[in-house]
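For ligands, and for the atoms within them, numbers begin at 1 and follow the listed sequence. Positions are given from 1, in the same order as the sequence printed here. Values below: all heavy atoms of this structure, side chains included; hydrogens, waters and symmetry mates excluded.
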Amino acid sequence: MPTLVIVGAQWGDEAKGKLVDVLGSQASLVVRYAGGNNAGHTVIADGQEYKFHLIPAGILHPGTRAIVGSGMVVCPKGLLEEWDRTILQKKDLGELIISSAAHVVFPYHRMLDSLEETARGSNKIGTTSRGIGPAYQDKVARIGIRMGEFVDPTRFAARLKDVLTAKNEMLQRFGQPALSFDELYAEYSAYADRLRPFVRDIEPMVAEAVEAGERVLLEGAQGTFLDLDSGTYPYVTSSHPVAGGACLGTGIGPRHIDSVLGVCKTYTTRVGSGPFPTELDNELGDHIRTIGKEFGTTTGRGRRIGWLDLVALRHACRLNSLSGLVVTRLDILSNFETIQVAVGYELDGERIDYLPGDVDVLARVKPIYHELPGWTGDLRPCRSMSDLPENARAYLDFMAEYTKTPVAIVSIGPDRAETIIVREDLIWG
Ligand code: IMP
């Protein structure tokens with residue numbers, strides 16, 4: 001039963017989109033299990049650049065069913081724009097399916113996201129302002145509107161009327177004008193009409209694929225340390241990017257997960273607020289941001305940059321029970337004389353080798369670095385491990401040894417072809 005989870009092993013933006021595209025060609029089902037259009041996945045295929053925020057990158061493969069999973073929160077307008085843009089770029093796409101249990105993001109969610117952020121003042125989280133937190137709040141409060149209801153005109157009208165009354169009260173508390181039911185219903189009914197053919201219960205379909213032994217890829221968004229429970233709370237997103245979230249967001253039980261690959265960069269980035277022990281808030285960080293083009297796909301914000309934090313990565317390996325690492329952006333670290341990796345932290349004069357769970361404590365740690373020799377040259381033409389410079393291989397070996405997790409795949413450029421499969425056996429279980 002080859003069911004594979006792909007999870008971000010850092011703070012998101014690890015280049016999961018490219019990997020899902022590469023492996024999506026081998027899967028009959030690709031299901032995204034969490035988040036919304038706070039995520040941004042860029043895929044470069046056959047010289048074309050595709051940007052996805054909601055649709056699983058597996059859509060680029062005809063014959064693959066690309067599923068917007070039950071654990072997601074979906075902006076209908078954003079989804080339709082993405083769909084229209086993608087079919088203009090490529091005619092032969094996979095089949096798009098949207099879970100009837102996914103929650104709908106409305107304009108009041110986006111407005112409240114921005115208003116709540118402003119109200120946090122200096123404690124702001126640095127959210128993407130896509131309404132993600134407020135949409136998940138509604139889900140937990142059991143007042144959210146799910147896709148199944150959204151595409152049923154009678155139920156949608158009744159639910160929206162109810163919810164909008166409460167939301168308008170909240171908006172008014174922030175001094176904002178109330179939203180008009182008629183306008184909102186008219187606009188969103190038109191989206192619902194277009195989305196209706198794509199919406200269905202996904203759980204039986206996913207279960208049948210798993211039972212039939214088909215290859216099922218469960219695609220994560222964001223990253224381990226943005227997880228609501230396991231991340232650097234409260235500087236986290238409102239969903240479950242960790243591998244456990246794949247079960248919740250797709251309806252698959254844990255016994256059916258065969259392999260979990262954790263995607264990590266050769267350095268670390270983070271968007272938004274929160275502690276970041278190996279951050280390089282200096283010229284070196286600026287240099288890596290520039291050569292790595294580390295600007296958000298969704299918000300365009302410059303990402304915070306730091307050295308690779310192996311203490312955090314090992315924690316991610318444990319939290320997700322990773323079968324293997326997918327190491328991306330090795331090409332970006334070429335031409336550094338030496339490279340630092342954090343192998344421990346100093347906390348109040350003592351050495352610790354774990355990631356503290358409390359953000360105030362995490363903010364106090366100082367990384368203890370191990371220095372590795374760099375390498376030179378353009379790695380993008382490399383197609384096997386033996387093509388890589390010796391010191392680049394030694395860097396990968398050091399990561400694997402410290403985290404006790406083998407390297408399964410190495411990415412040395414944005415194109416599909418710029419991928420080295422190291423351990424085929426770790427991919428589909
Ligand atoms: P939200 O998900 O918009 O609520 O934002 C919460 C935190 O998660 C913020 O620090 C965001 O910058 C971060 N975040 C959300 N989505 C992503 C992503 O796809 N990549 C990196 N950071 C993200």
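Aromatic pair Trp375/Phe336: ring centres not closer than 6.0 Å.
The salt bridge (charged side-chain N to carboxylate O under 4.0 Å, His left out) search around Glu49 returns Lys51, not counting sequence neighbours. With sequence neighbours excluded, no residue forms a salt bridge (charged side-chain N to carboxylate O under 4.0 Å, His left out) with Asp360.
Of the protein's heavy atoms, Gln222 CG, 3.5 Å lies nearest to atom 17 (C) of ligand 1. Regarding atom 10 (O) of ligand 1, its nearest protein heavy-atom neighbour is Val271 O, 3.1 Å. The protein heavy-atom contact nearest to atom 7 (C) of ligand 1 is Val236 O, 3.8 Å.
With distances taken over non-hydrogen atoms, the option nearest atom 11 (C) of ligand 1 out of Gly126, Gly131, Gly231, Pro241 is Gly126. For atom 13 (C) of ligand 1, the candidate residues are Asn38, Leu228, Thr127, Leu226; the nearest heavy-atom contact is made by Leu226. Atom 21 (C) of ligand 1 has its nearest heavy-atom neighbour, among Asp13, Thr128, Ile125, in Asp13.
Of the N or O atoms in Thr237, one or more lie within a sub-3.5 Å distance of an N or O in ligand 1. The N/O atoms of Arg130, backbone and side chain alike, include none that comes under 3.5 Å of an N/O atom in ligand 1. No N or O atom of Ser273 sits closer than 3.5 Å to an N or O atom of ligand 1.
For the pair Lys161 and Phe181, the distance from NZ or CZ to the six-membered ring centre is under 6.0 Å and the angle to the ring normal is within 45 degrees.
Every heavy atom of Arg303 sits 4.0 Å or more from the atoms of ligand 1. Heavy-atom separations between Thr269 and ligand 1 are all 4.0 Å or longer.
Salt-bridge formation is detected for the pair Glu214/Arg65: a Lys NZ or Arg NE/NH1/NH2 atom is positioned less than 4.0 Å from an Asp or Glu carboxylate oxygen. A salt bridge links Lys90 with Asp92; the closest basic N to acidic carboxylate O contact falls under 4.0 Å. Look at Glu116 and Lys124 and you find no salt bridge, because none of the NZ, NE, NH1 or NH2 atoms lies under 4.0 Å from a carboxylate O.
With a 4.0 Å cut-off on non-hydrogen atoms, Lys16 does not touch ligand 1 at all.
Just one of His53, Lys18, Glu219 meets the side chain to side chain donor-acceptor pair (under 3.5 Å) condition when paired with His41; it is Glu219.
Close approach of ligand 1 to Trp11 (heavy-atom distance below 4.0 Å) involves ligand atoms 21 (C), 22 (N).
Remark: Lys91 NZ is packed, more than 12 non-hydrogen atoms of other residues, nucleotides or ligands lying under 6.0 Å away.
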